[in-house]
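This report concerns only the one structure given below.
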Amino acid sequence: VWQAQRQIRDKLGMIQVYCNDVLPQRYTWIDKPHSGDGTPVSFRFVFEVRDIPVNGLELVVERSDWFKIMLNGKEQKNAPSGWFLDRAFHRILLEDIKKGKNVLTLSCDYRNRMEVEDCYIIGDFALDTNRRIIKEPAKLMPGDWNLQGYMHYAGSMVYHFEYAYEKTRWQEKEARMLLELGKYSAVHVEVRVNGKTAGHIPWKTASTVDITPFIKDGFNHIEIEVMGSPRNLFGPFHQAVKSNTVNSSSFRTEGKEYIGDYLVKPYGLFEPVRVFRSFDFSVPAC
């Protein structure tokens, strides 16, 4: 999108809209009339669908009122049904989605003040290795959820476990029941036992939670909510050299700094969870 917009602005003789780190500052020219204002421009996107989601798909586009939206040659006249992540990111229900290749076109009368942003397809679906829309898996296995259909997912996943517990006559009163995560990747983790929050894991060195007050005799239901971030939704995706810092140029890589593959951050539980007594008599969770 940014490359297409750069070509458009170059052809129309407009200053690049993302250049706010050089003079003149953007606020000094962004709202001034320009000879290229009103030039018809179209952005064309292609996405593939292998399984059509039961609840359909929505387009997320910033400032949908700027565009005439076409899908497979048919104008999409649905009004925004709400917003996604930001109030300016409008959600438009898409009609006439088909299996195979779908062509989405956003047309507008381009203006100097416009900055066209990335748009998104959202809904209840997963992606295969070719980034085609497919049916969601019935459940997740331990491992990176990107490899299980959720390459660009920006929310959280809840892992469910059943744990059988029985007090024994030799159990010491002061013994504690602890839950420990193995390897994982998350922004934050919440542990719930039998519907109640037992603790939070804000970083990896705090990967053990005391669940003693929440455990009962018999079967216990354990939920571990692993929270991701918008990193795999917003990017950057195409940096040939990994960096711990992100700035505006990270999203505009070219030449040797660019790689065609989508590079995403792994998320999820990568190893089994362990429940054990404080004197370290291990009992596996199943």
Side-chain angles (χ1 to χ4, degrees), residues 1-20 26 29-50 52-53 56-123 125 127 130-133 151-152 233-238 248-255 258-262:
V1 173
W2 76 267
Q3 288 176 333
Q5 184 163 236
R6 180 177 64 183
Q7 293 177 28
I8 291 166
R9 298 187 74 88
D10 279 346
K11 189 170 183 177
L12 296 177
M14 295 176 176
I15 300 174
Q16 292 303 323
V17 74
Y18 55 77
C19 293
N20 199 35
R26 182 163 55 182
W29 56 263
I30 195 72
D31 289 317
K32 291 182 178 179
H34 190 278
S35 60
D37 285 348
T39 301
V41 168
S42 292
F43 294 82
R44 181 177 179 270
F45 304 89
V46 177
F47 63 96
E48 291 194 59
V49 176
R50 201 172 79 187
I52 298 177
L57 297 173
E58 288 183 301
L59 169 68
V60 175
V61 58
E62 187 166 347
R63 293 300 306 267
S64 63
D65 54 306
W66 284 352
F67 302 102
K68 178 180 180 182
I69 302 171
M70 305 283 289
L71 179 64
N72 300 323
K74 180 179 179 179
E75 185 175 358
Q76 306 295 293
K77 296 183 178 181
N78 290 321
S81 60
W83 53 275
F84 179 73
L85 296 180
D86 186 285
R87 291 185 183 276
F89 295 0
H90 301 159
R91 297 168 53 174
I92 309 293
L93 181 64
L94 296 176
E95 296 181 336
D96 296 323
I97 302 158
K98 64 180 183 180
K99 288 187 177 182
K101 184 169 70 174
N102 289 260
V103 179
L104 177 72
T105 305
L106 304 182
S107 301
C108 63
D109 293 330
Y110 198 85
R111 307 191 71 80
N112 193 32
R113 64 182 298 272
M114 293 177 70
E115 183 174 14
V116 178
E117 303 284 359
D118 293 348
C119 57
Y120 305 88
I121 301 293
I122 63 171
F125 61 84
L127 296 178
N130 293 314
R131 301 180 73 244
R132 293 177 298 189
I133 290 174
M151 184 177 182
H152 296 297
L233 177 65
F234 293 138
F237 298 117
H238 304 290
S248 61
S249 65
S250 303
F251 297 83
R252 293 183 278 108
T253 52
E254 294 183 285
Y258 175 84
I259 188 169
D261 293 336
Y262 280 78

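Just so we're clear, the structure is a prediction, and the values are computed from it rather than from any experiment.
- Between the side chain of Thr105 and the backbone N or O of Arg44 there is no donor-acceptor pair closer than 3.5 Å.
- His90 places no side-chain N or O within 3.5 Å of a backbone atom of Gly82 that could act as its donor or acceptor partner.
- Under the side chain to side chain contact (heavy atoms under 4.5 Å, CB included) criterion, Leu12 pairs with Ile8, Met14, Thr39, Tyr110, not counting sequence neighbours.
- No side-chain heavy atom of Lys98 sits less than 4.5 Å from a side-chain heavy atom of Val49.
- The closest donor-acceptor contact from the side chain of Asp86 to the backbone of Ala88 lies under 3.5 Å.
- Between Ser42 and Ser107, the closest heavy-atom pair is OG-OG, 2.8 Å.
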Item to check | Gln76 vs Asp96, side-chain hydrogen bond (donor to acceptor under 3.5 Å, both in side chains): CA-CA, chis, key distance, verdict | outcome: CA-CA 9 Å; Gln76 306 295 293; Asp96 296 323; 5.4 Å; no
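- Atom CH2 of residue Trp66 and atom SG of residue Cys108 lie 8.5 Å apart, to the nearest 0.5 angstrom.
- Inter-residue side-chain proximity for Val116 and Val1 is flagged as met; some heavy-atom pair is nearer than 4.5 Å.
- Contact of the Leu106 side chain with the Phe45 side chain is registered, since non-hydrogen atoms from C-beta on lie closer than 4.5 Å.
- Here Arg63 pairs with Asp65 under the salt bridge (Lys or Arg N to Asp or Glu O under 4.0 Å) rule; sequence neighbours left out.
- Note that the CG atom of Leu94 and the CG atom of Leu104 stand 6.5 Å from one another [nearest 0.5 Å].
- Proximity of Ser81 to Ile92: side-chain heavy atoms (C-beta onward) are nowhere separated by under 4.5 Å.
- Under the 30°/60° scheme for interplanar angles, the aromatic rings of Tyr262 and His152 are found to stand perpendicular.
- With contacts defined as side-chain heavy-atom distances shorter than 4.5 Å, the pair Asn102/Ile97 qualifies.
- A pairwise comparison of heavy atoms in Phe84 and Ile122 identifies CD1-CD1, 3.9 Å as the closest pair.
- A donor-acceptor distance shorter than 3.5 angstrom exists from the side chain of Asn78 to the backbone of Leu93, with no hydrogens or angles considered.
- Minimum interatomic distance between Tyr258 and Thr253 (heavy atoms only, all atoms of both residues): CD1-O, 3.5 Å.
- Looking at heavy atoms from C-beta onward, Val17 lies out of side-chain contact with Trp2 at the 4.5 angstrom threshold.
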Checklist entry - Are Asn112 and Trp29 close enough, and set up right, to give a side-chain contact (heavy atoms from CB on, under 4.5 Å), and what steps lead you there? => result CA-CA 9 Å; Asn112 193 32; Trp29 56 263; 3.7 Å; yes
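- For the pair Phe125 and Ile121, the tightest heavy-atom approach, listed with the atom from each and the gap, is CZ-O, 3.5 Å.
- Going from atom CG of Leu59 over to atom OG of Ser64 covers 8.5 Å, rounded to the nearest 0.5 Å.
- Taking CD from Glu115 and CZ from Arg9, the interatomic distance works out to 8.0 Å, rounded to the nearest 0.5 Å.
- Here the CG atom belonging to Asp118 is positioned 9.0 Å from the CZ atom belonging to Phe89, to the nearest 0.5 angstrom.
- In terms of the salt bridge (Lys or Arg N to Asp or Glu O under 4.0 Å) criterion, Glu48 has no residue partners (sequence neighbours excluded).
- Here the CD-CZ distance, from Gln16 to Arg26, works out to 11.5 Å after rounding to the nearest 0.5 Å.
- Annotation: salt bridge (Lys or Arg N to Asp or Glu O under 4.0 Å) contacts involving residues 102-113, sequence neighbours excluded, comprise Asp31-Arg113, Asp37-Arg111.
- With sequence neighbours left out, the salt bridge (Lys or Arg N to Asp or Glu O under 4.0 Å) criterion links Arg91 to Glu58.
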Next on the checklist: The test is side-chain contact (heavy atoms from CB on, under 4.5 Å); show your working for Glu95 and Leu71 and say whether it passes.
Outcome noted: CA-CA 8 Å; Glu95 296 181 336; Leu71 179 64; over 6 Å; no
Checklist entry - Given Asn130 and Arg50, is the side-chain hydrogen bond (donor to acceptor under 3.5 Å, both in side chains) satisfied, shown in steps? => result CA-CA 11 Å; Asn130 293 314; Arg50 201 172 79 187; over 6 Å; no
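- For Arg131, the salt bridge (Lys or Arg N to Asp or Glu O under 4.0 Å) criterion is met by no residue, not counting sequence neighbours.
- Two residues are said to be in side-chain contact when any heavy atoms from C-beta on lie closer than 4.5 Å; Ile259 and Phe237 fail this criterion.
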